[in-house]
Amino acid sequence: MLLQCLLRKVNRRDGLNRPLYKQVGKMYRYVESMEPWTEGSEALAEAAILRNKVTSENVLNPVTASDKGAARMFCEMRINYDVVDEDMSFDGYKLLLLPDNIRITEKLKAKLEAFQGAIISTGTSIADGGVWDYITDIEPDTNTHGFFAWGDQVYGQKYMGVKMKSEYSVSDYVEPYFNTHWDGFHGYFYVPPKSPKGCSAVAKKGNRAHVCFRLFAAYMEYGALFHKEVIETLINEFLPERLVMTNELPTSSRVTLRKGTKGELLQIKVSVPEHWANRGVINEHTVLPAGRKVSVMGEYASVCSLPDEAPVKSWIKNGRTVIELPEITGFLPLLLKK
C-alpha cells in the first residue's frame with residue numbers, strides 16, 4: 001500500500017522513469033525465472049567460521065579484517081561454510097575455523113572440547129589445555145616482526161599473535177634480527193630473519209592445528225599466497241574430500257552448493273567487479289571458456305543449466321560427480337539430480 005501511494009505521488013509529479021523501470025523489470029524477470037528451483041532451498045555447509053559475539057564493545061565494528069580474510073580465503077578454496085558464534089550449534093560441521101582473535105570463554109571451550117570435527121585456530125584464538133593440549137608455554141608475542149619456516153623457505157608472519165612451543169610442531173618460528181623502532185634518525189625498510197629459537201609457528205596433532213600469528217588479518221591486508229598455502233595444506237589433510245572441488249577455475253570465481261526441493265543447486269560466478277572509489281563495478285561480464293571441470297560430492301544422474309534446463313556433460317568417478325562446464329558468461333546455476 002505504501003509503495004502504491006509513493007508511485008501515485010511520483011506519477012502525479014513527474015511520471016515514472018520508464019527506462020529505469022524497464023531495467024529493474026529485466027533484472028527481476030531473471031530472478032523470478034529461478035524461483036522454481038531456489039524457493040525453499042538452503043545452503044549446504046561443511047565448515048564454519050567462528051566469530052566473536054556482538055557486544056557493546058564491538059557493536060560499531062562487528063566485522064574484522066580477520067573475519068573478512070577467513071571468508072575470502074574459504075571462498076577462494078570453494079569451501080562451503082557458515083558463520084557462527086559460541087551460542088550457535090556446531091553440529092553437522094566437519095571443520096571449525098577460529099580466526100586470529102576469538103575470545104575463548106568457558107562456554108566456548110567446553111563446546112570445542114566436545115566437537116568431533118577438525119579445528120584450525122590462529123593468532124590469539126588459543127587457551128591452555130583442552131583443545132590445545134599439544135601446545136605449551138603460550139605467551140603474547142611482543143616482536144614487531146616474525147617469520148616462519150615452511151618447506152625450504154622462510155616467510156614473514158606480518159601480524160604477531162603468540163609464542164608457543166609444541167612437540168607436534170610442523171613449522172619453526174624464526175626470530176627477527178631486531179624489532180623496528182624509531183631511534184631519532186633512521187627508519188626501517190627491511191627486518192631480516194635470524195634463526196629458530198625453539199618455538200613453533202604451526203603445530204598440529206590429530207585433527208587440531210594452531211598457527212601462532214594472525215594469519216587471516218595478514219591475508220586480508222597483503223594477500224600473501226604463502227599464508228593461504230599454510231591453511232590449504234592443513235585443510236587438505238583434515239578434509240581431503242569436500243563438497244565442491246576444482247583447480248580449473250580462477251580463484252576469483254565463487255562456487256556454492258544449495259539443497260533444493262528439485263535437486264542440488266550449484267551456482268558458479270566468474271565475473272569480478274572493478275573497484276572504483278571503494279565501489280565494485282561490473283562494466284562487462286567475464287567469460288569463462290567451456291571445458292573447465294568441477295567435482296561435486298555424491299553421485300548425480302543428470303546435470304542441467306538453469307533456467308533453460310539444457311543438459312550439461314557429467315560423469316561419476318570415485319563416488320563424486322565430475323561436471324564439464326559449458327561457457328559461462330558472468331554467472332551460471334546448475335541443477336544436479338540423483
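Starting from 1, each residue takes its place in the sequence as its number. Please read all numbers here as calculations on a predicted model, not as lab measurements.
Residue Ile49 holds its CD1 atom at 10.0 Å from CD1 of Ile102, rounded to the nearest 0.5 Å. Annotation: the span from Ser314 atom OG to Arg320 atom CZ amounts to 13.5 Å, rounded to 0.5 Å. Rounding to the nearest 0.5 Å places CG of Asn247 at 10.5 Å from OG of Ser295.
By the rule that hydrophobic residues join a cluster once side-chain heavy atoms approach within less than 4.5 Å of another member, Phe115 and Val83 end up as members of separate clusters.
Looking at Leu44 and Arg258, their side chains never come closer than 4.5 Å, going by heavy atoms from C-beta outward. Glu76 places a side-chain heavy atom less than 4.5 Å from the side chain of Tyr219. Counting heavy atoms from C-beta outward, Leu265 and Leu306 have side chains that approach closer than 4.5 Å. Residues Trp150 and Val230 form a side-chain contact, since some pair of their non-hydrogen atoms from C-beta on lies under 4.5 Å apart. Between Gln157 and His145, the closest side-chain pair of non-hydrogen atoms is not below 4.5 Å. Side chains of Thr124 and Asp100 form no contact here, defined as non-hydrogen atoms less than 4.5 Å apart. Side-chain contact between Pro250 and Leu288 is present, with heavy atoms from C-beta onward closer than 4.5 Å. With a 4.5 Å cut-off on side-chain heavy atoms, Glu39 and Lys262 do not count as touching.
Remark: Glu106 CD is loosely packed, at most 12 non-hydrogen atoms of other residues, nucleotides or ligands lying under 6.0 Å away. Within a 6.0 Å sphere centred on NZ of Lys107, other residues, nucleotides and ligands contribute more than 12 heavy atoms. Asn318 CG: 12 or fewer foreign heavy atoms inside a 6.0 Å radius. In this structure, Glu139 places its CD atom where more than 12 heavy-atom neighbours from other residues, nucleotides or ligands lie under 6.0 Å away.
A donor-acceptor pair under 3.5 Å links the side-chain atoms of Ser125 to the main chain of Asn101, judged by distance alone. Listed for the His285 side chain is no donor-acceptor partner under 3.5 Å among the backbone atoms of Val270. Judged by distance alone, the side chain of Asp141 and the main-chain N or O of Lys163 form no donor-acceptor pair under 3.5 Å.
Using a cutoff of 4.0 Å between basic side-chain nitrogens and carboxylate oxygens, Glu167 and Lys205 are not scored as salt-bridged. A salt bridge is defined here as a Lys NZ or Arg NE, NH1 or NH2 lying under 4.0 Å from an Asp or Glu carboxylate O, and Lys68 with Glu221 fails to meet this definition. Using a 4.0 Å cut-off between charged nitrogen and carboxylate oxygen, Lys53 and Asp87 count as a salt-bridge pair.
Ring centroid separation for the pair Phe148 and Phe213 comes in under the 6.0 Å cut-off.
Annotation: cation-pi pair Lys94/Phe238 absent, no NZ/CZ under 6.0 Å from the ring centroid and within 45° of its normal.
Between the side chains of Glu86 and Thr105, at least one donor N or O lies within less than 3.5 Å of an accepting N or O. Side chains of Ser166 and Ser200: no donor on one and acceptor on the other come within 3.5 Å.
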>> Before you tell me yes or no, could you show the steps for Ser253 and Arg78 under side-chain hydrogen bond (donor to acceptor under 3.5 Å, both in side chains), namely the whole-Å CA-CA distance, both residues' side-chain angles and the distance that decides it to 0.1 Å?
In response: CA-CA 9 Å; Ser253 64; Arg78 286 99 194 184; 2.8 Å; yes
Donor-acceptor pairs under 3.5 Å, side chain of residues 321-338 to any protein atom, not counting sequence neighbours: which ones?
{"unit_1": "Thr321", "atom_1": "OG1", "unit_2": "Gly298", "atom_2": "O", "d": "2.7"}
{"unit_1": "Thr321", "atom_1": "OG1", "unit_2": "Tyr300", "atom_2": "N", "d": "2.9"}

With a 3.5 Å cut-off and sequence neighbours excluded, list the donor-acceptor pairs that the side chains of residues 128-136 form with protein atoms.
{"unit_1": "Trp132", "atom_1": "NE1", "unit_2": "Ser121", "atom_2": "OG", "d": "2.9"}
{"unit_1": "Tyr134", "atom_1": "OH", "unit_2": "Ala209", "atom_2": "N", "d": "3.3"}
{"unit_1": "Tyr134", "atom_1": "OH", "unit_2": "His210", "atom_2": "N", "d": "3.3"}
{"unit_1": "Thr136", "atom_1": "OG1", "unit_2": "Lys165", "atom_2": "O", "d": "3.3"}

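Residues that satisfy the ring pair (Phe, Tyr, Trp, His ring centres under 6.0 Å) test with Tyr30, not counting sequence neighbours, are absent from this structure.
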